[in-house]
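Accompanying notes for the structure given below.
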Amino acid sequence: MRTLRVLTAAGAAVLLAAGGTSAAAGTAAAAPGPPAPKPRITDAQVDTAVRRLDATVTDMMRRTGVPGVSVVVVHDDKVVHLKGFGVRRVGDQGAVSPDTVFQIASLSKPVSSTVVAGVLKDPADWDRHTELPGFALGDPWVTSHVTTADLFSHRSGLPDHAGDLLEDLGYDQAYILDHLRLAPLTPFRASYAYTNFGFTAAAEAIARSRGTTWQKLSADTLFKPAGMTHTSTGFRAFADAPDHAATHVRNADGTWSPRFVRDPDAQAPAGGVSSTARDMSRWLRLQLSGGTLDGKRIVPAETLARTHVPEIVSQPPATPTSRTGFYGLGWNVGYDDAGRLRLSHSGAFALGANTNVTMLPLERLGIVVLTNGAPVGLADAVALDFFDTAEHGKPTTDWLDVTGPLYAQLDEAGRSPTDYARPPVVAKPAQQDSAYTGTYENPYYGKLTVAATGTGGLTLSLGPEPMVFPLTHYDGDTFSYETAGENAVGRTGVTFSPSEHTVRVEYLDADHLGTFTRR
């Protein structure tokens, strides 16, 4: 969901930002400064955290009802924990194993930045101009200067989650990238806004410049050389895997059901990777070893290190004593009081997946948590509990009580302030259907059609297929419909202005792009 992916991109910096020095940061500091941080976590402390892990996962699954979880921990280039919990699909007997394939959602971003790091020859190549046919931004100067690093760090000026609602309506990648030029821009390289399709444009441009597809580039550059045999960037590979975890959402009664299917192919580099805990262990080892795996160089150390460096402030400090959160190239980047670098990223599909990776590179310690349930905080909380225990011998707080309410709060923040399920007691009547019916156009969202049902109602149609939504009268010329898809926010308003021949869809208007004009 839109608001939940804000947590995975920026809010997680608040929860997960802490610790260390990357290779790039260490080599760049030529002037005298404070002593370099040193490792602080012993093997015994890691063992303590690992021993607690199974009970932590089991307890959090009991408290949330999340059906399935798979976890891997890597320390000093060794897999020290690898285990599956629960079931792949509610109602079936298939158990989750370390080889169960999960959709990893926005955890795809640091995986994709690893792919690009493997393609580039020099860290400065991250700063090359992004050129992709059909892709432009609203300012020609920005279009001519935007780089891979700008788009991978969400500092292009595109608005938050630009293009995601087009994906929900069924538009393909080409349409979405072409229409980003209509999105309003904030100051270039001076503002942060998490943008799946800006990220996707940069990755697709890299693949195009190499004369191949993103799927093949990912496989040839990372998945095959690293032995990640069950990892893919295509939805079909995930859906066809015999041992894959269905996506689940929580019902009103607290149970979980596999009610939706999430096909993220349009934003494959940003959210379309599927993988297993075992495969992710190999990626973790590569990350924590500076691009090598089993003695073989997979990714250049320098281009990989660049991904771990702050590119922009993603989370300003809320108080004078708070730490700043940064975003690098596909990573949340933070530093703790000891100066240690901590890298993290969460992934969340409101339609049924939540994941987390957290690493302390200086300690050569990392964890990946994969789940097959919509985000309720479990994946983040397991990672936080694990590192808290490694640092202090036991958790200093109940992390699920922190992450769960935060996800719920962000979910509610995306909803309309108007309760369209409760019309005014004395609502003004609607006009005749003919005042509203017809075809409306919008340069960004395309065609909108309002039609009479023949049974006294109206429907609204959007998207290329199109998607059809029954309209419910609210008050006067205002109606509502129930939104659907990854970014659904419950009921949203549809306000007609018959005299002006326009209709405004509240849900689509966050960036002032949601007004349609009748032909």
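Hydrogens, waters and symmetry mates are skipped; everything else that's a heavy atom, side chains included, is used. Position 1 is the first residue of the sequence, and the numbers go up from there.
- Thr371 places a side-chain N or O within 3.5 Å of a backbone atom of Asn354 that can act as its donor or acceptor partner.
- Using a 4.5 Å heavy-atom cutoff, the side chains of Val369 and Ile367 are in contact.
- Of the charged side-chain nitrogens involved, none lies within less than 4.0 Å of a carboxylate oxygen, so that Arg236 and Asp265 do not count as a salt-bridged pair.
- Listed for the Glu363 side chain is a donor-acceptor partner under 3.5 Å among the backbone atoms of Arg40.
- Of all the heavy atoms in Ser153 and Gly328, the pair that sits closest is CB-O, 3.1 Å.
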Exercise for the section: Take Val119 and Leu217, measure what side-chain contact (heavy atoms from CB on, under 4.5 Å) needs, and give me the verdict at the end. Expected result: CA-CA 9 Å; Val119 171; Leu217 185 71; 3.7 Å; yes
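- Side-chain atoms of Asn442 never come within 3.5 Å of backbone atoms of Lys447 as a donor-acceptor pair (strictly under, hydrogens ignored).
- Using a 4.5 Å cut-off on side-chain heavy atoms (C-beta onward), Leu329 and Arg306 make contact.
- Counting only distance, with no hydrogens or angles, the side chain of Thr319 and the backbone of Ser322 share a donor-acceptor pair below 3.5 Å.
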Exercise for the section: Quick one: do His345 and Tyr327 satisfy ring pair (Phe, Tyr, Trp, His ring centres under 6.0 Å)? Show the steps, please. Expected result: CA-CA 10 Å; His345 213 291; Tyr327 203 89; 5.8 Å; yes
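- If you check the side chains of Asp380 and Trp399, you find no donor sitting under 3.5 Å from an acceptor.
- Here the straight-line distance linking atom OG of Ser112 with atom CD1 of Ile206 works out to 11.5 Å at 0.5 Å rounding.
- Using a 4.5 Å cut-off on side-chain heavy atoms (C-beta onward), Phe135 and Leu180 make contact.
- Scanning all heavy atoms of the two residues, the minimum distance from Ala205 to Thr130 falls at CB-CG2, 3.7 Å.
- Enclosure of atom NE2 in His129 by more than 12 non-hydrogen atoms of other residues, nucleotides or ligands within 6.0 angstrom is indicated.
- Distance check: Thr143 OG1 to Phe188 CZ gives 9.0 Å after rounding to the nearest 0.5 Å.
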Problem - Pair Phe516-Thr502, side-chain contact (heavy atoms from CB on, under 4.5 Å): steps then yes or no - result: CA-CA 6 Å; Phe516 297 72; Thr502 63; over 6 Å; no
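- Between the side chains of Trp331 and Ser344, not a single donor N or O lies within less than 3.5 Å of an accepting N or O.
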Handout entry: Candidate pair Ile104 and Leu370, rule side-chain contact (heavy atoms from CB on, under 4.5 Å), full reasoning
Key = CA-CA 7 Å; Ile104 70 172; Leu370 310 176; 3.9 Å; yes
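- When atom types are taken as modelled, the side chain of Arg323 and the backbone of Pro317 share no donor-acceptor pair closer than 3.5 angstrom.
- A donor atom on one side chain and an acceptor atom on the other are not found under 3.5 Å apart for Ser156 and Asp150.
- When the ring pair (Phe, Tyr, Trp, His ring centres under 6.0 Å) test is applied to Tyr481, the partners found at least two apart in sequence or on another chain are Phe469.
- Separation of atoms CG (Asn487) and CG (Asp164) is listed at 5.0 Å; rounding is to 0.5 Å.
- In summary, the side chains of Asp127 and Thr147 do not present any donor paired with an acceptor at a separation below 3.5 Å, with no hydrogens or angles considered.
- Every residue meeting the side-chain contact (heavy atoms from CB on, under 4.5 Å) condition with Thr213, not counting sequence neighbours, appears here in chain and number order: Gln215, Lys216.
- Side-chain polar atoms of Asn196 and Lys109 form a donor-acceptor pair below 3.5 angstrom.
- Expressed to the nearest 0.5 Å, how far CD of Gln287 lies from CZ of Arg282 amounts to 14.0 Å.
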Problem - Thr495 and Glu506: CA distance, side-chain angles, deciding distance, side-chain hydrogen bond (donor to acceptor under 3.5 Å, both in side chains) verdict - result: CA-CA 8 Å; Thr495 301; Glu506 178 187 26; over 6 Å; no
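- Contact annotation: the side chain of Leu284 approaches that of Val357 to within less than 4.5 Å [non-hydrogen atoms, C-beta and beyond].
- Between atom OG of residue Ser289 and atom CZ of residue Arg364 there is a gap of 4.0 Å, rounded to the nearest 0.5 Å.
- Cation-pi contact between Arg262 and Phe349: present, with separation from the ring centre below 6.0 Å and deviation from the ring axis of at most 45°.
- Annotation for Phe223 and Thr233: closest pair CE1-CG2, 3.8 Å, computed over non-hydrogen atoms.
- A salt bridge is defined here as a Lys NZ or Arg NE, NH1 or NH2 lying under 4.0 Å from an Asp or Glu carboxylate O, and Asp220 with Lys224 meets this definition.
- Within the 4.5 Å cutoff, the side chain of Tyr194 has heavy atoms near those of the Ser106 side chain.
- With hydrogens and angles ignored, the 3.5 Å screen pairs a side-chain donor or acceptor of Asp336 with a backbone N or O of Ala338.
- Among residues two or more places apart in sequence or in another chain, the side chain to side chain donor-acceptor pair (under 3.5 Å) test is passed with Asp139 by none.
- Checked against side-chain contact (heavy atoms from CB on, under 4.5 Å), Val313 has the following partners two or more places apart in sequence or in another chain: Pro316, Thr324, Phe326.
- For the residue pair Glu167 / Gln173, no side-chain donor-acceptor distance below 3.5 Å is found, with atom types taken as modelled.
- Taking the side chain as every heavy atom from C-beta outward, Phe199 and Thr148 never approach each other to under 4.5 Å.
- Considering only heavy atoms from C-beta on, Val368 stays 4.5 Å or farther from Asn356 through its side chain.
- Annotation: the span from Thr247 atom OG1 to Phe238 atom CZ amounts to 6.5 Å, rounded to 0.5 Å.
- Within the 4.5 Å cutoff, the side chain of Leu158 has no heavy atoms near those of the Phe197 side chain.
- For Trp126, the ring pair (Phe, Tyr, Trp, His ring centres under 6.0 Å) criterion is met by Phe152, not counting sequence neighbours.
- With hydrogens and angles disregarded, no donor-acceptor distance shorter than 3.5 Å links the side chain of Asn372 to the backbone of Ala245.
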Exercise for the section: Any chance you could lay out the side-chain contact (heavy atoms from CB on, under 4.5 Å) test for Glu482 and Thr492, step after step, and finish with the verdict? Expected result: CA-CA 7 Å; Glu482 188 75 25; Thr492 193; over 6 Å; no
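- When all heavy atoms are compared, the tightest approach of Pro310 to Val333 is CG-CG1, 3.8 Å.
- The nearest pair of heavy atoms linking Leu460 to Leu448 is CD1-CD1, 3.9 Å.
- The ring pair (Phe, Tyr, Trp, His ring centres under 6.0 Å) check on His179 picks up Tyr175, with sequence neighbours excluded.
- Checked by atom type, the side-chain pair Ser275/Thr231 shows a donor-acceptor distance below 3.5 Å.
- Listed here is the closest heavy atom pair of Leu304 and Gly291: CD2-N, 3.5 Å.
- A donor-acceptor pair under 3.5 Å is absent between the side-chain atoms of Ser274 and the main chain of Gln103, judged by distance alone.
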